[in-house]
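Positions are given from 1, in the same order as the sequence printed here. When reading the values below, keep in mind they use all heavy atoms of this one structure, side chains included, and skip hydrogens, waters and symmetry mates.
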Amino acid sequence: MPAKIYPFPSTEDQQVIQTAIHVFLTSQTGRARDTMLKTIRAVLDRYRITKFSFPDYVVEATRTPGYSVVRARKYVTGTVCPQCGEKLYGLSSRVRILSVQERRNCHLVTYGCRCGKVFAKQEQC
């Protein structure tokens with residue numbers, strides 16, 4: 001019997017993705033990151049889609065089966081979180097890298113802060 005194709009991620013499944021990201025950002029553990037990426041992919045696979053957009057970010061399936069990536073839709077130019085002012089860099093920073101898109105002249109880095117904000121910044125190559 002073929003797998004059922006759902007027409008659109010339900011509100012509950014959208015909340016599952018958002019919660020997975022929130023849990024990683026607040027706990028900032030390797031296990032939570034792995035769970036976040038696999039949870040996002042499971043929801044995308046359930047609907048047989050490769051990408052889904054939220055106001056601050058887009059989640060996408062990767063070529064690696066079972067994994068996904070988070071890409072920010074909002075960009076910053078400074079060196080602090082736009083929501084809480086946490087510094088992006090430093091050993092004690094509460095900001096984590098969610099993904100990196102390598103480009104020819106610069107890299108587009110998606111950051112996530114413990115306060116829950118997801119944003120991107122162009123970084124020098």
Side-chain angles (χ1 to χ4, degrees):
M1 184 162 101
K4 183 174 181 176
I5 300 173
Y6 297 91
F8 194 78
S10 68
T11 302
E12 292 82 14
D13 282 335
Q14 291 176 44
Q15 289 173 344
V16 166
I17 291 172
Q18 292 171 315
T19 299
I21 292 170
H22 179 75
V23 167
F24 167 67
L25 292 177
T26 55
S27 69
Q28 298 187 348
T29 66
R31 179 172 282 185
R33 180 183 178 86
D34 192 55
T35 301
M36 170 190 71
L37 298 174
K38 288 180 178 178
T39 300
I40 292 167
R41 181 59 181 261
V43 173
L44 294 175
D45 287 350
R46 178 177 186 186
Y47 293 91
R48 294 192 182 184
I49 57 176
T50 58
K51 184 189 295 188
F52 189 78
S53 295
F54 292 93
D56 288 344
Y57 51 86
V58 175
V59 293
E60 298 179 45
T62 62
R63 289 184 182 181
T64 305
Y67 284 93
S68 60
V69 67
V70 179
R71 299 194 197 285
R73 298 179 70 188
K74 312 276 180 167
Y75 299 89
V76 299
T77 55
T79 60
V80 297
C81 170
Q83 184 164 296
C84 72
E86 179 72 26
K87 292 181 181 181
L88 300 184
Y89 315 111
L91 293 176
S92 62
S93 176
R94 300 177 338 152
V95 177
R96 297 291 178 260
I97 293 174
L98 294 176
S99 67
V100 178
Q101 286 179 279
E102 295 180 358
R103 296 181 173 174
R104 183 181 301 197
N105 299 327
C106 65
H107 300 312
L108 185 60
V109 181
T110 295
Y111 293 98
C113 183
R114 187 169 275 171
C115 73
K117 185 69 174 170
V118 176
F119 54 94
K121 182 175 188 240
Q122 285 189 1
E123 301 286 359
Q124 297 296 323
C125 291

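Note that the NZ atom of K87 and the SG atom of C81 stand 14.0 Å from one another [nearest 0.5 Å]. Note that the CZ atom of R94 and the OG1 atom of T26 stand 10.5 Å from one another [nearest 0.5 Å]. For the atom pair CD1 of I97 and CZ of R33, the computed distance is 8.5 Å after rounding to the nearest 0.5 Å.
Using a 4.5 Å heavy-atom threshold, the side chains of I21 and V59 count as touching. In this structure, L37 and S68 have side chains that are in contact, with non-hydrogen atoms separated by less than 4.5 Å. Here the side chains of D34 and Y67 are in contact, with some heavy-atom distance below 4.5 Å. Taking 4.5 Å as the limit, some side-chain heavy atom of R71 sits within range of a side-chain heavy atom of V69. Looking at C106 and E123, their side chains never come closer than 4.5 Å, going by heavy atoms from C-beta outward. Put simply, the side chain of K121 does not reach to within 4.5 Å of the side chain of V109, judged on heavy atoms. A 4.5 Å side-chain heavy-atom check between V118 and T110 finds at least one atom pair inside the cut-off. Residues F119 and D56 are not in side-chain contact: their nearest non-hydrogen atoms beyond the backbone lie 4.5 Å or more apart.
In terms of modelled atom types and a separation under 3.5 Å, the side chain of R96 and the main chain of F24 share no donor-acceptor contact.
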Does the pair R46 and D13 meet the rule for a side-chain contact (heavy atoms from CB on, under 4.5 Å), with working shown? CA-CA 10 Å; R46 178 177 186 186; D13 282 335; 3.1 Å; yes
Given R103 and L108, is the side-chain contact (heavy atoms from CB on, under 4.5 Å) satisfied, shown in steps? CA-CA 7 Å; R103 296 181 173 174; L108 185 60; 3.4 Å; yes
Evaluate side-chain contact (heavy atoms from CB on, under 4.5 Å) for E86 paired with S93, printing each intermediate quantity in order. CA-CA 7 Å; E86 179 72 26; S93 176; 4.1 Å; yes
Criterion side-chain contact (heavy atoms from CB on, under 4.5 Å) on Q14 and F54, from CA distance to verdict: CA-CA 9 Å; Q14 291 176 44; F54 292 93; 3.9 Å; yes
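A side chain to side chain contact (heavy atoms under 4.5 Å, CB included) with Y47 is found for one member of L44, V43, T50 and no other, namely V43.
V100 and V76 end up in the same hydrophobic cluster when Ile, Leu, Val, Met, Phe, Trp and Tyr side chains are linked at under 4.5 Å. Linking Ile, Leu, Val, Met, Phe, Trp and Tyr whenever their side-chain heavy atoms come within less than 4.5 Å puts V70 and V16 in one cluster.
The nearest pair of heavy atoms linking L88 to G78 is CD1-O, 3.9 Å. Nearest heavy atoms, I49 versus P9: CD1-CG, 3.8 Å. Minimum interatomic distance between T62 and T64 (heavy atoms only, all atoms of both residues): OG1-O, 3.0 Å. For the residue pair A72 and A120, the shortest heavy atom distance occurs at CB-N, 3.4 Å.
Proximity of the aromatic rings of F52 and F8 is defined here by a centroid distance below 6.0 angstrom, and this criterion is met.
Cation-pi geometry between R73 and Y57 is not met: the NZ or CZ atom fails to fall both under 6.0 Å from the ring centre and inside 45° of the normal.
Under the 3.5 Å distance criterion, with hydrogens and angles disregarded, a donor-acceptor pair is assigned to the side chains of R114 and Q28.
For Q122, the CD atom counts as loosely surrounded, since its 6.0 Å shell holds 12 or fewer non-hydrogen atoms of other residues, nucleotides or ligands.
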